[in-house]
Amino acid sequence: MRPKSGGLPLAAVAAVVGHHSANTTKRFYENVKVPPMIKSPIKLEHPEDSTLLPARRAALKLAESA
């Protein structure tokens, strides 16, 4: 397994799937191709959430400057 950025250590994956050795996990998953995940078109946001999504932050800035 070769995550491009971040990801879990192979030993952690081995522990979750129940392998005693990370080498066993590597042998099973080394050549596995994972398809890209589907992006959800829904953006969940609550008006009282202190962390604003970038689009909402931009909309608020536009409203303040008008």
Side-chain angles (χ1 to χ4, degrees):
M1 299 176 69
R2 295 178 194 91
K4 289 183 180 179
S5 62
L8 292 172
L10 195 55
V13 176
V16 169
V17 297
H19 294 157
H20 294 289
S21 167
N23 289 330
T24 304
T25 307
K26 182 179 178 182
R27 186 176 61 216
F28 279 103
Y29 295 104
E30 189 168 36
N31 296 317
V32 172
K33 300 286 183 190
V34 178
M37 299 292 175
I38 297 171
K39 290 186 178 182
S40 174
I42 300 172
K43 293 182 181 176
L44 301 175
E45 182 178 357
H46 191 277
E48 295 176 8
D49 190 357
S50 61
T51 306
L52 296 176
L53 294 174
R56 178 78 173 133
R57 190 177 303 123
L60 286 175
K61 283 185 181 180
L62 284 175
E64 289 173 357
S65 65

Worked verdict on Tyr29 versus Val17 for side chain to side chain contact (heavy atoms under 4.5 Å, CB included): CA-CA 11 Å; Tyr29 295 104; Val17 297; 4.3 Å; yes
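By the side-chain contact (heavy atoms from CB on, under 4.5 Å) test, Thr24 is found to be paired with His19, Ser21, Arg27, Phe28, residues two or more places apart in sequence or in another chain being considered.
Of all heavy-atom pairs between Ala22 and Leu10, the closest is O-CD2, 3.6 Å.
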